[in-house]
Amino acid sequence: MTDPPPLLARRLVVAPLVVVFCVALTLLSPLLLVAALAADAVRRRGLGTTRLTAFSVVFVASEAAMILALLLLWIASGFGLALSSRAVQAAHYAVLRGWLRCLSAAATALLGLEIEVVDPPEPRPGPLLVFGRHAGAGNSLMMIRMLMLRYRRRPRVVMLAFLQWDPVIDVVCHRLPSLFIEHDPEKSDHFVDAIGALASGMGDMDAFVLYPEGHDFTERLRLRAIAHLRRLGHHRAADRAEAMEYVLPPRHKGPLAAILAAPDADVVLVAHTALEELGSFRELPSRVPLERPIKARYWRVPAAEVPHESDSLIAWLYEWWQRIDDWVEEHAPAADTRPGARRHRPPQAPPPAPAGTP
């Protein structure tokens, strides 16, 4: 993925171009929808292409509207002078919630997207460290939506630097507590320190969000990660990673930095079935509207039960990732019939049953 340009170029060139592009597509939406209807008529496979096109129109229109709203907030903040004030920060969270509601409503109406939280937890205050399965941009948005809309949390998200190509993510996450990182070994210590700084000082309604896998799951990355562990001599970790077929092996340095910076924060582990329900981009038109809800599970572990030392945290994370992998296998559709279905693996002791809820 190409690195994003410098900040000034993103604000003065990328963002305006994205707005022009989104407005142009919105104005062309009648023609696009007619073309999508014709394509569906030829294929005789329902209205999947039409629904996807309609959702895309809503997405680009809301993207343009969100960029303009963020510009107005910048002006209202005294051209950026009061961006860090409590009122302006609250306004940004409110606008972000509105954007997520818009996308959620469109996804429900046009794509048939429903999210079913298994054993839905009740809201409970206290700072949280949220470690989730990394299964695509849609998966990440669904988790942020859940935290912000259902639990009224203020997320502090760690994400990859290339996401700054999206002006909405770029602007919002530079104004609210967030961190963009790169997979550069020479900068590893710097980013670990930055993760700790981001996780510190959280209030009762804050939630730090990190994806310990580091990448969206693909089978190719899974095999590459296992091979990398073996090259480093971590054979036990490689064996455990090989037994997990829906997740990448978790990395521990970022989670450890966050845990040490927020020792009183409970940890929430998150599993979703997003990729298994949606399939590949090429398969989407034939799957829309979705017939099954996307399922999610949130486990909350009290701070006192979370390891604060490297070796024990690695073992703890692998136990939880095994649990997440098992959960996805159980709840994903027809998981045992897909190519490369799960091999038999010896039973492993599950991690202790988590207490509490988010």
Side-chain angles (χ1 to χ4, degrees), residues 62 65-66 69-70 72-73 76-77 82-109 113-133 137-159 163 168-169 171-179 195 198-211 258-259 261-272 274 293-303 306 354-358:
S62 64
M66 185 68 172
L70 292 170
L72 293 175
L73 282 176
S77 70
L83 279 176
S84 60
S85 69
R86 180 175 297 180
V88 174
Q89 293 272 297
H92 277 79
Y93 281 117
V95 169
L96 184 55
R97 287 190 182 96
W99 182 62
L100 290 171
R101 285 193 183 95
C102 176
L103 294 182
S104 297
T108 299
L113 177 66
E114 294 182 23
I115 302 174
E116 176 186 327
V117 181
V118 179
D119 297 328
E122 293 298 324
R124 185 158 58 84
L128 296 177
L129 300 174
V130 183
F131 301 149
R133 177 198 183 202
N139 177 279
S140 302
L141 275 177
M142 283 185 282
M143 190 166 82
I144 298 301
R145 169 192 173 276
M146 184 69 64
L147 290 171
M148 293 196 71
L149 300 187
R150 179 173 291 194
Y151 298 113
R152 307 298 295 180
R153 291 282 177 167
R154 298 182 296 260
R156 304 180 177 193
V157 187
V158 179
M159 67 206 87
L163 291 173
V168 170
I169 295 175
V171 174
V172 168
C173 294
H174 276 95
R175 294 182 185 177
L176 299 176
S178 306
L179 176 65
I195 286 171
L198 182 64
S200 64
M202 289 194 291
D204 276 350
M205 298 309 294
D206 291 320
F208 170 92
V209 179
L210 176 68
Y211 300 92
I259 289 167
D264 297 327
D266 292 351
V267 171
V268 174
L269 290 305
V270 183
H272 280 91
I294 288 175
K295 296 188 178 183
R297 181 69 162 90
Y298 292 68
W299 296 272
R300 182 168 178 166
V301 181
V306 178
T357 58

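The shown structure was predicted, so the numbers you read here are calculated from the model rather than taken from an experiment.
Each of Met205, Met146, Arg124 was checked for a side chain to side chain contact (heavy atoms under 4.5 Å, CB included) with Tyr151, and the lone residue meeting it is Met146. The only member of Val267, Val157, Val209 that meets side chain to side chain contact (heavy atoms under 4.5 Å, CB included) when paired with Val130 is Val209.
Judged purely by atom type and a 3.5 angstrom limit, Arg150 has no side-chain atom pairing as donor or acceptor with the backbone of Pro123. A donor-acceptor contact shorter than 3.5 Å is absent between the side chain of Ser178 and the backbone of His174. Using modelled atom types, one side-chain atom of Arg133 and one backbone atom of His272 make a donor-acceptor pair closer than 3.5 Å. The main-chain N or O of Ala296 is never found under 3.5 Å from a side-chain atom of Glu116 such that the two would form a donor-acceptor pair. With hydrogens and angles ignored, the 3.5 Å screen pairs no side-chain donor or acceptor of Arg156 with any backbone N or O of Pro177.
Between the CG atom of Leu176 and the CG atom of Leu83 there is a distance of 9.5 Å, given to the nearest 0.5 Å. For the atom pair CG (Leu141) and OG (Ser104), the distance works out to 8.5 Å, reported to the nearest 0.5 Å.
Residues satisfying the salt bridge (Lys or Arg N to Asp or Glu O under 4.0 Å) criterion with Arg175, sequence neighbours excluded, are absent altogether. Scored by the side-chain contact (heavy atoms from CB on, under 4.5 Å) test, Arg97 finds Tyr93, Arg101, Met148, Leu149, Arg152 as partners (sequence neighbours excluded). For Leu103, the side-chain contact (heavy atoms from CB on, under 4.5 Å) partners two or more places apart in sequence, or in a different chain, are Phe59, Ser62, Trp99.
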